[in-house]
Amino acid sequence: MAAVRMSSRSGLPSLLIYLGIGVAIGQDGLVGVVFDDAELTQVIGYAALVVILAEGGLGTKWREVKPALPVAAMLSTVGVAVSVGVTATGAHYLVGLDWKQSLIIGAVVSSTDAAAVFSVLRKVPLPSKLTGALEAESGFNDAPVVILVVAFSTTGPIEHWYVLVGEIALELAIGAAIGLAVGLLGSYGLRHVALPASGLYPIAVLAIAVAAYAGGALAHGSGFLAVYLASLVMGNARLPHWPATRGFAEGLGWIAQIGMFVLLGLLVTPHELGDDIVPALVVGLILTAVARPVSVLVSTAPFRTPWQEKALLSWAGLRGAVPIVLATIPMVAEVPESQRVFNIVFVLVIVYTLVQGPTLPWLARRLRLGDSELAADLGVESAPLERLSGHLLSLAIPKGSRMHGVEVSELRLPAGAAVTLIVRDGTSFVPGPTTVLRSGDELLVVTTDPVRDAAERRLRAVSQGGKLADWLGTGGDDARPTESTRRPGPPAIWPPWLWQRHRPRPRAGARAGAGRARGGPRAQGSGRTADTARTAGTGRGHGAATGPERPAHGATRSAGAAVGERHRDELDHSRDAP
């Protein structure tokens, strides 16, 4: 725990401290423990990697990964192949290793470390598409890399490369199918079966994730891909008691990282590293300056990726404990010179993690890819009330949330949902309709079963878009505000702007014809503006606006026929509110 605190204070990657603890315990350290069981290290490393991938999948948002899936898939397959080839060629000709050792090293270091990527990226406010690509790549590329390392360690270079490619594709397909199936079935079961204790939900989620790995491995597929996809599905299924589950998985992830890094530090023999420092630096330079950038350029060639994003993708290929764990595979297989391979990988990971990790936020700022204006996501914890056919939603308003300053009545929760309690500065009270919410408030919302999802969507929408979330086009499924909601323009309020005030108003038929000319047929009344809605009186209902959306003032929606007198009063009130 002290090491975690030291790493967060100093900015150093935590894995260096954990490896240092292992080295200090080892035979060349202060304690002098002799440990050389590479097979046990590999087994424990695999188990730890399963937990780390599960934690990473549970914390990955599908809406961020979805648009980045093509890039991540290319980086995890084509990019890995390019990286292995370039790194192995450099290791063979510049360092003097034979082809078998060079291919093993090229495959081992081509895997980006999920723990390193997840821990670093969640502190760097990058665009969601870029973050999704890096997280998905780190979750996907372990599977093909493990297959390559095992193949090179057992049979050496493959004479018929297409056979190896076919085996990799088959194992990935089997692992993906099992992971998605287990994740969907597990999510369905956890959402529809009320467990007797809330503490069982985190255990059940991790058990399902481990079952996905076991199923993939037993079916001769990729268990690592299966556990990541199953966790990704469950992490986006809005399971009961989700914040508690997320915290439990994060704690297990920390235990797995600490245990794995300490064990790897214990396995290494520092006095044997001297002859391998220069080769490790050369191989690392080839990997970082040549192999990774080339793999990114080849993988992103089919896509319109800005050069700034390509540069960051090239530098963000972080290595951590995964390459060191994979370096134990040739040791267990008794490949000649496998100890030297392990030493080179160990030194490479330490040096280049120390270089890349702390400089990644600086590079993101220099490339103007950092986005410090993103509001924190709204964590909503749900507790099912099985006998009462309801749900308790508890949430804390994070810093930067646009729910700050919104009155309870302006949340406009659906019928059947209500804010029943607020905790502010350690004091609990029952709110009224005009109670103003503040950052740091903890809310307790009671909903009936039919409106539970709608209530959560509305809360997330207000957190990202404020009281005018519906007009600003902010959906409740978006964890991050769009460009239009980060810097919203003036809302569509009455009276109209000066340059609109004296425009002659077209008749209804002319407006309908113009709407058809611009965007096809429109539902009756859907093309009306706030001006005509004002004259329509209070007799219009909410369901009249069914046509396509039309932006107003660049950032707001057309109010349509759904805007009546009551909406106008609310908009006037929000304009006058501080």
Checklist entry - Which pair of non-hydrogen atoms, one from Pro398 and one from Ser439, has the smallest distance, and what is that distance? => result O-OG, 3.9 Å

Checklist entry - Got Glu55 and Leu252 here, is their nearest side-chain heavy-atom distance under 4.5 Å? => result no

Item to check | Distance-minimising heavy-atom pair for Ala54 and Leu206 | outcome: CB-CD1, 4.2 Å

Checklist entry - Are Val233 and Trp62 close enough that some pair of their side-chain heavy atoms sits under 4.5 Å apart? => result no

Checklist entry - Which pair of heavy atoms, one from Ser76 and one from Phe140, lies closest together, and at what distance? => result OG-CB, 3.3 Å

Checklist outcome for this item: Across all chains, not counting sequence neighbours, the salt bridge (charged side-chain N to carboxylate O under 4.0 Å, His left out) partners of Arg424 are Asp441

Checklist entry - Any donor and acceptor pair, going by atom type alone, linking the side chain of Glu410 with main-chain N or O of Glu407 inside 3.5 Å? => result yes

Checklist entry - Just by distance, with hydrogens left out, do Ser110 and Asn141 show a side-chain donor and acceptor under 3.5 Å apart? => result no

Checklist entry - Under 30°, 30 to 60°, or over 60°: which ring-plane class applies to Phe224 and Tyr213, parallel, tilted or perpendicular? => result tilted

Checklist entry - What do the steps show when you test Leu437 against His404 for side chain to side chain contact (heavy atoms under 4.5 Å, CB included), and what is the final call? => result CA-CA 5 Å; Leu437 303 177; His404 176 80; over 6 Å; no

Item to check | Side chain proximity check, Met74 to Thr300, heavy atoms < 4.5 angstrom | outcome: no

Next on the checklist: Less than 4.0 angstrom from a charged side-chain N to a carboxylate O is my criterion; do Arg292 and Glu137 meet it?
Outcome noted: yes

Checklist entry - So do the side chains of Trp315 and Thr359 get within less than 4.5 Å of each other, counting heavy atoms only? => result yes

Item to check | Residue pair Leu172 / Pro144: nearest heavy atoms and the distance that separates them | outcome: CD2-CD, 4.0 Å

Checklist entry - Checking Arg319 side chain against Val109 main chain: does a donor-acceptor pair fall under 3.5 Å? => result yes

Checklist entry - Given the rule in the side chain to side chain contact (heavy atoms under 4.5 Å, CB included) test, do Met260 and Ile44 qualify, once you have shown the distances and angles that lead to the verdict? => result CA-CA 7 Å; Met260 179 170 56; Ile44 296 178; 5.8 Å; no

Item to check | CG-OH distance between Leu53 and Tyr228, expressed to the nearest 0.5 angstrom | outcome: 8.5 Å

Checklist entry - Heavy-atom distance under 4.5 Å between the side chains of Leu413 and Leu459, does that happen here? => result yes

Next on the checklist: Just so I know, are the side chains of Phe346 and Leu19 near enough to count as touching, which here means a heavy-atom distance under 4.5 Å?
Outcome noted: yes

Next on the checklist: As an exercise, state the distance from CG of Leu58 to CG of Leu232, rounded to the nearest 0.5 Å.
Outcome noted: 9.0 Å

Checklist entry - What residue pairs, at least two apart or across chains, pass salt bridge (charged side-chain N to carboxylate O under 4.0 Å, His left out) with a residue in residues 295-313? => result none

Checklist entry - Atom OG1 of Thr447 and atom CZ of Arg458: how far apart are they, to the nearest 0.5 Å? => result 15.5 Å

Item to check | Short side-chain to backbone donor-acceptor contact, Ser299 and Val296, under 3.5 Å | outcome: no

Checklist outcome for this item: Sorted by chain and residue number, the ring pair (Phe, Tyr, Trp, His ring centres under 6.0 Å) partners of Phe303 (sequence neighbours excluded) come out as none

Checklist entry - Side chains of Ser463 and Ser401: donor-acceptor distance under 3.5 Å anywhere? => result yes

Item to check | Worked verdict on Val51 versus Ile255 for side chain to side chain contact (heavy atoms under 4.5 Å, CB included) | outcome: CA-CA 9 Å; Val51 176; Ile255 292 176; over 6 Å; no

Item to check | Side-chain touch Tyr201/Leu239, heavy atoms, less than 4.5 angstrom | outcome: no

Item to check | Non-hydrogen atoms of Val451 and Ala415 that approach each other most closely | outcome: CG1-O, 3.4 Å

Item to check | Nearest non-hydrogen partners of Pro323 and Val345, listed with the distance | outcome: O-CG1, 3.7 Å

Checklist outcome for this item: dist Ser428:OG -> Ile422:CD1 (nearest 0.5 Å) comes out at 10.0 Å

Checklist outcome for this item: One should read off an interatomic distance between Ile21 CD1 and Ile17 CD1, to the nearest 0.5 angstrom, of 7.5 Å

Item to check | Contact check, side chains of Lys61 and Asn236, non-hydrogen atoms, under 4.5 Å | outcome: yes

Item to check | Separation of Asp453 CG from Arg457 CZ (nearest 0.5 Å) | outcome: 6.0 Å

Next on the checklist: Could you walk me through whether Val406 and Leu411 satisfy the side chain to side chain contact (heavy atoms under 4.5 Å, CB included) test, starting with their C-alpha distance in whole Å, then the side-chain angles of each, then the deciding distance to 0.1 Å, before giving a yes or no?
Outcome noted: CA-CA 7 Å; Val406 175; Leu411 292 175; 4.2 Å; yes

